[in-house]
There are 2 protein chains.
Amino acid sequence: MTTMTAADSRSEAKEAYDAFLAACPSRALLDRISDKWVSLVLVALADGSRRYSELSRQIAGVSQKMLTQTLRILERDGLITRELTVSVPVRVDYTLTPLGASLLTILAAIKDWAEANMDEVFVARERYDEQARSASA
Amino acid sequence: MTTMTAADSRSEAKEAYDAFLAACPSRALLDRISDKWVSLVLVALADGSRRYSELSRQIAGVSQKMLTQTLRILERDGLITRELTVSVPVRVDYTLTPLGASLLTILAAIKDWAEANMDEVFVARERYDEQARSASA
DNA sequence: CTGCATCCCAAACGATACTG
DNA sequence: CAGTATCGTTTGGGATGCAG
């Protein structure tokens, strides 16, 4: 019991770290916006409410499953609201909450950096790949 | 050939959308920082160079594989540099490039929003879960 | 129209063992 | 010390079918 394998101490460190991460707000936010569809939905709702089917069309390429799942997550987090209109057929509208709207400023910052600097990243990638090719040749 | 199944048109739309996404700088940046370890490495390098083993210790919980992989990606993107010192044993230092350092401001913005607002998100989650529980009871 | 349940495949990741 | 190679498991996510 006084002896501990390397695997033991590693898994112990991992548990402590996981706990740390779970409590970290930045990590939690990163987990949210890193979701492939979250940012797209948020942006789609930026200028007002949208129906489920409108989102489905506007965010081409998203599956029903992922759209529904994404909307649930955002609703649960208080970033959007879901309004059900009981008629035939049913109608559901999604709207940003003030909290959700405030997240758009973060997205805008990301967009700004990307548009200003991603070109440089792409160039770096090509340079790296080119060098890797010539090294292996 | 004039007829197209729903599945066909969907996969066609998906291809077009994927192409659109691949060319989108914001998407590319999101793909980077959404990586679980990228932001942690970037922050770890914020105040200067670090050796591989230092990073490995500082970012507890990361496996060798993921750390190496993350460092390669960041190096390829021109966000960090890798300096090899040939001695026995070998020594490798990683350092942020100006480009990588500029990304820290984005990370800081995320951190600020998270610290200011994630509490509200957590409360929303509890409220949502509580309601879900009482609804199923 | 909106959404849930199921199946299933591919990619991501961790653990482990081995190398210059 | 700083990786690379391989394997097995987990997870994400699409396709499909069904339901209120």
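In the text below, chain A, chain B and the rest are named by the order of the sequence lines, each starting its count at 1. Computed from a predicted model, the values in this text were never measured in an experiment.
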Item to check | Spacing of A/Glu83 atom CD relative to C/dG3 atom P, expressed in whole Å | outcome: 13 Å

Checklist outcome for this item: Winner on side-chain proximity to B/Tyr52, out of D/dT4, C/dC13, D/dA2, is D/dA2

Checklist entry - Can you tell me if CD on B/Glu126 sees more than 12 non-hydrogen neighbours from other groups inside 6.0 Å? => result no

Checklist outcome for this item: A/Met66 CE to D/dG12 C1', in whole Å, measures 7 Å

Checklist outcome for this item: When A/Tyr94 and A/Lys65 are each assigned the nearest nucleotide of DNA chain C, the 5'-most assignment goes to A/Tyr94

Next on the checklist: For a salt bridge (charged side-chain N to carboxylate O under 4.0 Å, His left out) check, start with the C-alpha distance between A/Glu130 and A/Arg133, then their side-chain angles and the critical distance, and finish with the verdict.
Outcome noted: CA-CA 5 Å; A/Glu130 182 51 43; A/Arg133 260 196 300 281; 3.0 Å; yes

Checklist entry - Could you state the NZ-P distance from B/Lys36 to D/dT10, rounded to the nearest angstrom? => result 15 Å

Item to check | Out of C/dT2, C/dG14, D/dT4, whichever nucleotide has its closest atom nearest the side chain of A/Ser53 | outcome: C/dT2

Checklist entry - Are A/Val43 and A/Tyr52 linked, directly or through other ILVMFWY residues, by side chains that come within less than 4.5 angstrom of each other? => result yes

Checklist entry - When all nucleic acid strands are considered with a 4.0 Å heavy-atom cut-off, which category describes B/Val92: base, sugar-phosphate, or nothing? => result sugar-phosphate

Checklist outcome for this item: From the list A/Leu67, A/Leu55, A/Ile59, side-chain contact (heavy atoms from CB on, under 4.5 Å) partner of A/Trp37 resolves to A/Ile59

Checklist entry - Where the side chain of B/Gln64 is concerned, which of C/dA17, C/dG14, C/dG3 is the nearest nucleotide? => result C/dA17

Next on the checklist: Applying salt bridge (charged side-chain N to carboxylate O under 4.0 Å, His left out) to B/Asp93 and B/Arg50, what does each step give before you reach the verdict?
Outcome noted: CA-CA 5 Å; B/Asp93 290 86; B/Arg50 289 286 181 278; over 6 Å; no

Next on the checklist: Distance check needed: C/dG3 P versus A/Ile73 CD1, whole Å only.
Outcome noted: 14 Å

Checklist entry - For DNA chain C, which residues in residues 75-82 of chain A have a heavy atom at a distance below 4.0 Å? => result A/Arg82

Checklist entry - What's the CZ-P distance between A/Arg72 and C/dT2, to the nearest Å? => result 12 Å

Checklist entry - More than 12 foreign heavy atoms under 6.0 Å from CD of B/Glu120: is that the case here? => result no

Checklist outcome for this item: A/Asp31 CG to C/dA12 C1', in whole Å, measures 15 Å

Item to check | Nearest-Å distance for atom pair CD/P, residues A/Glu54 and C/dT2 | outcome: 8 Å

Checklist entry - Phosphate oxygens OP1/OP2 of D/dC1: is one of them under 4.0 Å from a side-chain N or O of B/Arg51? => result no

Checklist entry - Looking only at side-chain N and O atoms, does A/Thr68 come under 4.0 Å of OP1 or OP2 in C/dG3? => result no

Checklist entry - Taking atom C1' of D/dG3 as reference, at what distance in whole Å does atom CG of B/Asp93 sit? => result 15 Å

Next on the checklist: Could you see if A/Tyr128 belongs to whatever hydrophobic cluster contains B/Leu79? Use Ile, Leu, Val, Met, Phe, Trp, Tyr and a side-chain cutoff under 4.5 Å.
Outcome noted: no

